[in-house]
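Heads up: the structure comes next, in structure tokens.
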2 protein chains.
Amino acid sequence: MTHSDALDPRELRAWIAFLAASHLLENRIEQQLKHDGGLTHPEFEVLVKLAMSDGRRLRMSDLAREVMVSKSRLTYQVTQLERDGLVRRTACDSDRRAVWAELTDRGREALEKVRPGHRRVVRENLIDLLTPEELEVLGEAFTRVAQRLSG
Amino acid sequence: MTHSDALDPRELRAWIAFLAASHLLENRIEQQLKHDGGLTHPEFEVLVKLAMSDGRRLRMSDLAREVMVSKSRLTYQVTQLERDGLVRRTACDSDRRAVWAELTDRGREALEKVRPGHRRVVRENLIDLLTPEELEVLGEAFTRVAQRLSG
DNA sequence: GGCTTGTTGTTCAAATCTGAACTAACGCTA
DNA sequence: TAGCGTTAGTTCAGATTTGAACAACAAGCC
């Protein structure tokens, strides 16, 4: 190894700040989504991914990968969303094991309803606190981190 | 407002990357802690905060604030840690409502056992992927974010 | 003292999450 | 087409989390 394990003060500061900011941001986001639309963050992420997808639908396993959630957790979340009429399950013709999760019109409406507030939270508590340079650095660095943890 | 709500491509990229990296890093950390010492991440954070504190103990409400967790959640976590002998609850003389959560020797051992692996995970998947400059930016930026969300 | 307001920590039921089965179907190979 | 290893999604039991309600105490005020 090229470094000793222990983190020096700079590294520690960055790590602590990252942890704290993540926690706080997550809490704030949960609060807004619940308040504005009765959604949890994972539910919101499911709706977003579906809205972005071709035909507003994804197969369960692809959706699980997209939102980085276990299969069983996704099953539960989609069941909840289906109960509320925001998502619909559909059979997949080409693979009879597979299931489409499809965004309904009500799901789209629910998403649009919370989105402005969500964007505002992200903007006011992260984006607008960063200079363009910092934003660039952050985007690059975390892309690298995500890549490493995916490979 | 100074900006329209929608995120431009740079902003979106940074946000998406941050979300993905957070998720993946969190999963990785959970995995290591569970594997090396049967701890969850919140449990680990509780132990760390206690270990850092004067007399290796904190009152429940202070501990909850430190780890940014709800009171009831902390009650549960500390109960689990106490069952495993890693933490001990003690009465507080100066305030009979209050409860000290105190790290036991076994708790310290458990912490030291998982810490090297934990540090390695943080290092290999975050710290060592960043240049010193990036690290500095990250520390500053997230300190700002945390400050804003705390105030 | 007696009153009021705020704090501390726990409890409880309901909601959510985890991970290990499990069923069904796929795709390949012989 | 029968067999075999893999994949998709669900189910289930147990663990954890949430949030509101509660009991006990503190702190100040009259």
Side-chain angles (χ1 to χ4, degrees), chain A residues 23-24 26-35 37-47 49-50 57-84 86-102, chain B residues 23-24 26-35 37-47 49-50 57-84 86-102:
Chain A
H23 271 149
L24 291 165
E26 177 66 20
N27 290 348
R28 184 69 192 76
I29 286 172
E30 285 278 2
Q31 179 194 354
Q32 181 271 324
L33 290 174
K34 172 146 302 180
H35 178 267
L39 294 175
T40 65
H41 196 194
E43 285 174 343
F44 175 76
E45 293 193 272
V46 165
L47 297 186
K49 289 298 183 185
L50 290 180
R57 63 181 193 175
L58 280 174
R59 288 164 51 157
M60 292 295 280
S61 52
D62 295 327
L63 184 50
R65 191 173 13 269
E66 288 285 330
V67 297
M68 288 184 282
V69 133
S70 71
K71 294 181 300 171
S72 63
R73 185 172 171 182
L74 182 64
T75 292
Y76 177 77
Q77 286 167 349
V78 167
T79 300
Q80 293 312 102
L81 290 169
E82 202 170 21
R83 170 175 62 68
D84 297 339
L86 308 186
V87 163
R88 178 172 40 235
R89 273 189 243 241
T90 305
C92 176
D93 294 331
S94 63
D95 185 341
R96 271 184 304 164
R97 291 170 305 177
V99 172
W100 290 109
E102 181 181 349
Chain B
H23 272 148
L24 290 165
E26 176 67 21
N27 290 347
R28 186 69 191 78
I29 286 173
E30 285 279 0
Q31 177 194 357
Q32 182 270 325
L33 290 174
K34 171 146 300 180
H35 179 266
L39 294 175
T40 65
H41 195 196
E43 285 174 343
F44 175 75
E45 293 193 271
V46 164
L47 298 184
K49 291 297 182 184
L50 290 179
R57 62 180 193 174
L58 280 175
R59 289 164 49 160
M60 291 295 279
S61 52
D62 295 327
L63 184 50
R65 193 172 8 269
E66 288 285 330
V67 298
M68 288 183 283
V69 133
S70 71
K71 295 180 299 174
S72 63
R73 185 172 172 179
L74 182 65
T75 292
Y76 177 79
Q77 285 168 348
V78 167
T79 300
Q80 293 311 104
L81 290 169
E82 203 172 21
R83 170 175 61 70
D84 297 340
L86 308 186
V87 163
R88 177 169 44 234
R89 273 188 242 240
T90 306
C92 176
D93 294 330
S94 63
D95 184 341
R96 273 186 302 166
R97 292 168 306 177
V99 173
W100 289 110
E102 182 180 350

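Note on naming: letters A, B, ... go to the chains in the order of the sequence lines (proteins, then strands), and numbering restarts at 1 for each one. When reading the values below, keep in mind they use all heavy atoms of this one structure, side chains included, and skip hydrogens, waters and symmetry mates.
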Protein-nucleotide distance ([X], atom [atom1]; [N], atom [atom2]), rounded to Å:
X	N	atom1	atom2	answer
A:D62	D:dA8	CG	C1'	10 Å
B:M60	D:dC25	CE	C1'	17 Å
B:Q80	D:dT17	CD	C1'	12 Å
A:E26	D:dT18	CD	P	10 Å
B:H41	D:dT16	NE2	P	16 Å
A:Q31	D:dT17	CD	P	20 Å
A:N27	D:dT18	CG	C1'	12 Å
A:L74	D:dT11	CG	C1'	15 Å

(message) When you measure from the side-chain N and O atoms of B:Y76 to the phosphate of D:dT16, is any distance below 4.0 Å, counting only OP1 and OP2?
(response) yes
(request) Tell me which of A:D95 and B:T75 sits closer to the 5' end of DNA chain C, going by the nucleotide each one is nearest to. (result) B:T75
(request) Could you pick out which residue, A:E43 or B:R89, lies toward the 5' side of DNA chain C when each is mapped onto its nearest nucleotide? (result) B:R89
(request) Do nucleotides 19-24 of chain D as a string where each nucleotide becomes B, S or -: B if the base has a protein heavy atom under 4.0 Å, S if just the sugar-phosphate does, - if no protein is that close. (result) B----B
(message) Students should find this one: the first and last nucleotides of DNA chain C, 5' to 3', lying under 4.0 Å from a heavy atom of chain A. What are they?
(response) C:dA15 to C:dC26
(message) Quick one, B:E26 with A:E26, criterion side chain to side chain contact (heavy atoms under 4.5 Å, CB included). Give me CA distance, side-chain angles, the key distance, then yes/no.
(response) CA-CA 13 Å; B:E26 176 67 21; A:E26 177 66 20; over 6 Å; no
(message) Which residue is it: A:T40, A:V46, A:L47? I am looking for the one with a side-chain contact (heavy atoms from CB on, under 4.5 Å) to A:E43.
(response) A:T40
(request) Go through the steps for A:D62 and A:R65 under the test side chain to side chain contact (heavy atoms under 4.5 Å, CB included), then give the verdict. (result) CA-CA 5 Å; A:D62 295 327; A:R65 191 173 13 269; 2.7 Å; yes
(request) Using a 4.5 Å cut-off on heavy atoms from C-beta on, say whether the side chain of A:E30 contacts that of A:P42. (result) yes
(request) Please test B:V99 against B:V78 for side chain to side chain contact (heavy atoms under 4.5 Å, CB included), starting from the C-alpha separation and ending with a verdict. (result) CA-CA 11 Å; B:V99 173; B:V78 167; over 6 Å; no
At what distance, to the nearest 0.5 angstrom, does [atom1] of [X] lie from [atom2] of [Y]?
X	Y	atom1	atom2	value
A:C92	A:M60	SG	CE	13.0 Å
B:T79	B:Q77	OG1	CD	9.5 Å
B:H35	B:L33	NE2	CG	12.0 Å

(message) Name the residue from A:R89, A:R88, A:K49, A:R59 that meets the salt bridge (Lys or Arg N to Asp or Glu O under 4.0 Å) definition with A:E102.
(response) A:R88
